[in-house]
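Below: the structure, in structure tokens.
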Amino acid sequence: MDKIRIRGGRPLHGSIPISGAKNAALPLMAASLLSDETLTLSNLPQLADIQTMSRLLAQHGVDLHLNGADPASATGGRVLELNASGIDNTTAPYDLVRKMRASVLVLGPLVARHGKAAVSLPGGCAIGTRPVDLHIDGLKALGAEIDLREGYIHASAPNGLTGAHVVFPKVSVGATENMLMAASLAKGETVLLNAAREPEVEDLAACLVAMGAKIEGIGTDRVTIQGVDALHGARHQVVADRIETGTYAMAAAATGGEVELVGGRLDLIEAVGTGLQAAGVELSHTETGFKVSRANGPLTGVDVMTEPFPGFPTDLQAQTMALMTTAEGASMITETIFENRFMHVPELARMGANITVHGASALVRGVPRLTGAPVMATDLRASVSLVIAGLVAEGETVLNRVYHLDRGYERLEQKLAGCGADIERVADDA
Ligand code: EPZ
């Protein structure tokens, strides 16, 4: 298994192209199941999770054609054509679902268009229990019959789904996405209340509209969908990855460098931008994205609490903590979305960080420096927080379990090395 070796202490200088968003691309790919015409997605990132979703869709009978780089894309994103006219299997098996929880996004489209689906229950996860009850309750409200047995969600709606009012008791990105897709083909009107407003949800809704869906209130917490009989093919460009953007912004700030994030959109991470500026980081728009710099002056500790969009994203919590480890003063970081998302804390502590966890909050007292160490993490964002810490630390950091990074960061070492980082991927026995 590969590792990543970093020799820290070099400020990042240069530019980094921002890829299409993993968390937008995955539901967009699932949306192809809603039509028998071709959905063409551009600006698709090259990631392990995209491959897993491709495998899942292929075993349902979707015909996928990957067309290499998009000539119109400044960031090298690829173009994928998906055609679901030949679906011959409505089961999403455990082997794929356990690898990637986002597999549950096929549930809504399959039951809406094919009247049935069996999707493995995802099971446990490194960052929290992550149940799927909101997906199930939402589909039940649209008239699907759901039976949980032998580790699978068996959903059926032989006469189709029917629109309904669905009030989510808790904001859920995935459940909102599943319901948007299912309701697009339901009979009559569906109203989703307390819907997730994340840019990735908005991107999915925009694609569904391009496919002929009738959706109002996109980007708000009240979304109304008028079901249609069929959706048609469309072309859609995947939105820029705001989490990748925020991650590299933190890396630039942590190392005291200056980096332009090409294709990065500050408007998608306003809460993060505000936090970075309060910490002493300069942000400025450029023609093709924005620039992050902390060429002068120290970082100051700031408090952060994760919330659903437009609040501070949980997917940038670990990276923010890495940034705060060497800030002046203290920083209180509170995680409200997932109950077990501090797995990076003991690893950061092994690099010299001073962090105390009290329930859902972590108190980070800034230290003058971190020191390199062998580290590993149990999820994607925790792993990349250790990369940021490694870029700042004195000496060598070796990050194990690199496959987590490969799920969500395209060409991470190349992008950072292009800005002067001393970072390389090494085979396990090297
Ligand atoms: C999406 O996961 C993202 N994944 C996650 O990114 C992200 O952390 C999360 O949204 C929150 O922003 C994708 O988009 C593929 P949720 P999702 O449903 O949809 C609880 C990453 O690192 N909940 O919004 O699974 C749940 O346990 C990943 O890229 C229920 O209780 O998240 C959590 O506490 C990690 N019942 C909260 O809601 C449900 O049925 C929010 O989860 C569903 C969720």
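Counting starts at 1 for both ligands and their atoms, following the listed order. The chain is numbered in sequence order, starting from 1.
- Between the side chains of Gln319 and Thr247, at least one donor-acceptor pair of N or O atoms lies under 3.5 Å.
- Side-chain contact annotation: Glu335 with Thr306, donor-acceptor N/O pair under 3.5 Å present.
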For each nitrogen or oxygen atom of ligand 1, which protein N/O atoms lie closer than 3.5 Å, and how far apart are they, rounded to 0.1 Å?
residue  : atom   : partner : partner atom : Å
ligand 1 : 2 (O)  : Arg130  : NH2          : 3.3
ligand 1 : 6 (O)  : Asn23   : ND2          : 3.2
ligand 1 : 6 (O)  : Asp315  : OD1          : 3.4
ligand 1 : 6 (O)  : Asp315  : OD2          : 2.9
ligand 1 : 8 (O)  : Asp315  : OD1          : 2.6
ligand 1 : 8 (O)  : Asp315  : OD2          : 3.4
ligand 1 : 18 (O) : Ser172  : OG           : 2.6
ligand 1 : 19 (O) : Gly174  : N            : 2.8
ligand 1 : 22 (O) : Arg341  : NH2          : 3.3
ligand 1 : 22 (O) : Arg381  : NE           : 2.8
ligand 1 : 24 (O) : Val173  : N            : 2.7
ligand 1 : 25 (O) : Arg130  : NH2          : 2.9
ligand 1 : 29 (O) : Lys22   : NZ           : 3.0
ligand 1 : 29 (O) : Asn23   : ND2          : 3.0
ligand 1 : 29 (O) : Arg381  : NE           : 3.4
ligand 1 : 29 (O) : Arg381  : NH2          : 2.7
ligand 1 : 34 (O) : Ile337  : O            : 2.5
ligand 1 : 36 (N) : Pro131  : O            : 3.3
ligand 1 : 36 (N) : Asp133  : OD1          : 2.6
ligand 1 : 40 (O) : Pro131  : O            : 3.2
ligand 1 : 40 (O) : Asp133  : N            : 3.1
ligand 1 : 40 (O) : Asp133  : OD1          : 3.2
ligand 1 : 40 (O) : Leu134  : N            : 2.7

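- Rounding to the nearest 0.5 angstrom, the gap separating the CG atom in Leu82 from the OG atom in Ser35 is 11.0 Å.
- A side-chain donor-acceptor contact under 3.5 Å links Asn43 to the backbone of Val238.
- Here the CD1 atom belonging to Ile146 is positioned 5.0 Å from the CG atom belonging to Leu139, to the nearest 0.5 angstrom.
- Counting only residues at least two apart or on different chains, the side chain to side chain donor-acceptor pair (under 3.5 Å) pairs with a member in residues 201-224 are Asp203-His236.
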